[in-house]
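Computed from a predicted model, the values in this text were never measured in an experiment.
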Amino acid sequence: MSLACLNHLQPAVSGAGLEGTLFIAQDVNLYLSRLEKGQQLDYPQQEERRTHIYVVSGHVEVTCQDGNFQLGPGDAARIHKSCHLKLQATGNEDVSELVLADLS
């Protein structure tokens, strides 16, 4: 992953035609992120959407109204209902890498 996605969600693939992304003929947006230890991202999930989070490396804590969940390398989370997600890099690694998929 590039430095462009350091500490924020960088759109990479989009069915909505987001600028600077690879187009896909599906109702999905894929984001990449490299989170430095202790950094946090907020992601407001829409009611009619689903969110999938895949941890590529490092450790990420996912917080939503249902609680806090610790994810490690190779782990994934699937969120079906609307909530304000918080993603925070935890663990001993300097950087955690993740992919977030927003789909209908």
**Student:** Might you point out which heavy atoms bring Gln10 and His8 nearest each other, and give the distance in Å?
**Tutor:** OE1-NE2, 3.1 Å

**Student:** If you count every heavy atom of other residues, nucleotides or ligands that lies below 6.0 Å from Gln26 atom CD, does the total exceed 12?
**Tutor:** no

**Student:** Check whether any side-chain heavy atom of Leu98 lies under 4.5 Å from a side-chain heavy atom of Leu71, and answer yes or no.
**Tutor:** no

**Student:** Any side-chain to backbone donor/acceptor pair from Glu97 onto Arg34? Under 3.5 Å, distance only.
**Tutor:** no

**Student:** Looking at Phe23, is its backbone amide N or carbonyl O close enough to the side chain of Thr21 to form a donor-acceptor pair, meaning the two atoms are under 3.5 Å apart?
**Tutor:** no

**Student:** The test is salt bridge (Lys or Arg N to Asp or Glu O under 4.0 Å); show your working for Asp102 and Arg50 and say whether it passes.
**Tutor:** CA-CA 6 Å; Asp102 175 310; Arg50 292 176 292 157; over 6 Å; no

**Student:** Is there side-chain contact between Leu85 and Ile79, with at least one heavy-atom pair below 4.5 Å?
**Tutor:** yes

**Student:** Under 4.5 Å between any side-chain heavy atoms of Thr51 and Tyr31, yes or no?
**Tutor:** no

**Student:** Taking the side chain as everything from C-beta on, heavy atoms only, tell me whether Leu87 gets closer than 4.5 Å to Ile53.
**Tutor:** yes

**Student:** Count the heavy atoms of every other residue, nucleotide or ligand shown that sit under 6.0 Å from CG of Asn92, and state whether that count exceeds 12.
**Tutor:** no

**Student:** Under 4.5 Å between any side-chain heavy atoms of Val60 and Thr90, yes or no?
**Tutor:** no

**Student:** Mind listing the closest non-hydrogen atom pair of Gly58 and Val55 along with its distance?
**Tutor:** O-CG1, 3.6 Å

**Student:** In terms of side-chain heavy atoms, does His59 have a donor or acceptor partner in Glu93 at a distance below 3.5 Å?
**Tutor:** yes

**Student:** Under a 4.5 Å cut-off applied to non-hydrogen side-chain atoms, are Leu30 and Leu100 in contact?
**Tutor:** no

**Student:** Would you say Tyr43 and Leu18 are hydrophobically clustered, going by side-chain heavy atoms of ILVMFWY under 4.5 Å?
**Tutor:** yes

**Student:** Locate the shortest heavy-atom distance separating Leu6 from Glu36; write the atom from each residue and the value.
**Tutor:** CD1-CG, 3.7 Å

**Student:** In terms of hydrophobic clusters joined by side-chain contacts under 4.5 Å, are Val56 and Val95 together?
**Tutor:** no

**Student:** Of all the heavy-atom pairs spanning Leu103 and His52, show the shortest one and how long it is.
**Tutor:** CD2-CD2, 3.5 Å

**Student:** What I want to find out is whether Lys37 reaches Asp94 closely enough, with some N-O distance under 4.0 Å, to be called a salt bridge.
**Tutor:** no

